[in-house]
Amino acid sequence: MPDNTPYMIAAYIIVAVILVGYAVLLYRRTLKP
Amino acid sequence: MKILKTGRWITVSGLALLAAVYVRALAFTPVERTQGMAQKIFYIHLPSAIWAEGAMIFVGVASIFFLFLKDARLDRFAEASAEVGLVFCTLVLTTGPIWGKPIWGTWWTWDARLTLTLLLFLMYVGYVLLRGAVTDPGLRARYAAVLGICGMSLVPFVHLSVYMFRTLHPQPIVIKPSAPSLPGEMLTTFLFSFVVFSILYVGFVTQRYALALLRERAEPHA
């Protein structure tokens with residue numbers, strides 16, 4: 001079995017950062033529309 | 001504003017459930033033998049891809065109805081769905097190459113599926129830029145609706161590209177005419193992830209819709 005765990009970890013971290021980041025961005029934008 | 005609070009709650013619930021998806025995918029789903037841990041990227045890549053395409057379909061359908069009915073709610077929904085679709089399309093174009101590097105040996109190739117997904121991304125970018133560039137609300141809504149319909153017409157080509165062209169991208173294993181060819185545990189994890197990404201789409205769109213409404217109220221002449 002190939003060891004490509006770092007790629008998987010990177011993908012999961014990036015997805016979490018983008019989704020949480022967009023949620024925070026939306027929250028801030030709705031505070032000051 | 002009730003719709004804004006509802007959107008926030010749905011989003012927070014979606015993000016909490018996303019953590020549960022991570023736990024299930026990483027700790028309670030078997031590792032695929034040939035691809036190893038990189039296969040687990042599939043559980044976040046495919047739901048993102050479905051909503052990157054689905055959001056543009058909603059933009060197009062709302063745009064068609066807007067051109068006939070001139071209902072501002074449809075325009076607001078299309079605006080919201082396009083921005084959220086752009087976020088999901090970004091996820092697809094990020095997770096895809098990260099999977100491609102260890103499995104294909106390259107981050108990117110000008111394969112039909114990849115290239116058409118990039119075009120879909122550019123369509124989203126164009127849509128968002130157009131909305132920001134046109135100041136007249138009536139013109140903006142009409143121009144955006146036309147572009148939204150063009151974007152929707154691209155989606156079938158993105159989805160069917162793996163059948164229409166010789167591509168490097170894997171053939172569909174879940175969304176296809178026959179039954180999904182995925183072991184039960186992996187299919188359950190995928191379906192759970194898809195539900196959570198759907199909740200996030202609804203939460204984001206609801207909040208973005210509320211933001212458009214707030215902006216209209218703040219600038220009644222804009």
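Every chain is numbered from 1 and lettered A, B, ... according to where its sequence line falls, protein lines coming before strand lines.
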Polar pairs (donor with acceptor) under 3.5 Å from chain B to chain A:
| from | atom 1 | to | atom 2 | distance (Å) |
| --- | --- | --- | --- | --- |
| B/Arg8 | NH2 | A/Thr30 | OG1 | 2.9 |
| B/Tyr22 | OH | A/Tyr12 | O | 2.6 |
| B/Tyr22 | OH | A/Ala16 | N | 3.3 |
| B/Gln35 | O | A/Asn4 | ND2 | 2.8 |
| B/Met37 | N | A/Asn4 | OD1 | 3.2 |
| B/Ala38 | N | A/Asn4 | OD1 | 2.9 |
| B/Lys40 | O | A/Tyr12 | OH | 2.6 |
| B/Glu83 | OE1 | A/Arg29 | NH2 | 3.1 |
| B/Glu83 | OE2 | A/Tyr22 | OH | 2.6 |
| B/Glu83 | OE2 | A/Arg29 | NH1 | 2.8 |

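The CG atom of B/Leu26 sits 5.0 Å away from the CE atom of A/Met8 when rounded to the nearest 0.5 Å.
Looking at B/Val12, there are no atoms closer than 4.5 Å to chain A (heavy atoms on both sides), in backbone or side chain. If you measure heavy-atom distances from B/Ala210 to chain A, you find no contacts under 4.5 Å at all. Contact annotation for B/Phe42: neither backbone nor side-chain heavy atoms come within less than 4.5 Å of a heavy atom of chain A. Of the two parts of B/Leu200, only the side chain, counted from C-beta on, holds a non-hydrogen atom closer than 4.5 Å to a non-hydrogen atom of chain A. Looking at B/Ile41, both its backbone and its side chain come within 4.5 Å of chain A, counting heavy atoms on both sides.
Evaluation of the side chain to side chain contact (heavy atoms under 4.5 Å, CB included) rule for B/Val61 yields B/Ile57, B/Phe65, B/Met152 as partners, not counting sequence neighbours. With sequence neighbours excluded, the residues satisfying side chain to side chain donor-acceptor pair (under 3.5 Å) with B/Ser161 are B/Arg113. Shown here are the side chain to side chain contact (heavy atoms under 4.5 Å, CB included) partners of B/Ile50, two or more places apart in sequence or in another chain: B/Leu46, B/Ile175, B/Phe190, B/Phe194.
Per-residue counts of heavy-atom pairs under 4.5 Å with chain A were compared for B/Gly203, B/Gly36, B/Ala212; the largest is that of B/Gly36. Interface summary for chain A: among B/Ile44, B/Leu18, B/Leu214, the most heavy-atom pairs under 4.5 angstrom belong to B/Ile44.
In the displayed structure, B/Tyr143 atom OH is contacted under 6.0 Å by at most 12 heavy atoms of other residues, nucleotides or ligands.
When all heavy atoms of B/Phe88 and A/Leu19 are compared, the pair lying nearest together is CE2-CD2, 4.3 Å. The shortest non-hydrogen separation linking A/Ala10 to B/Ile98 is C-CD1, 4.5 Å.
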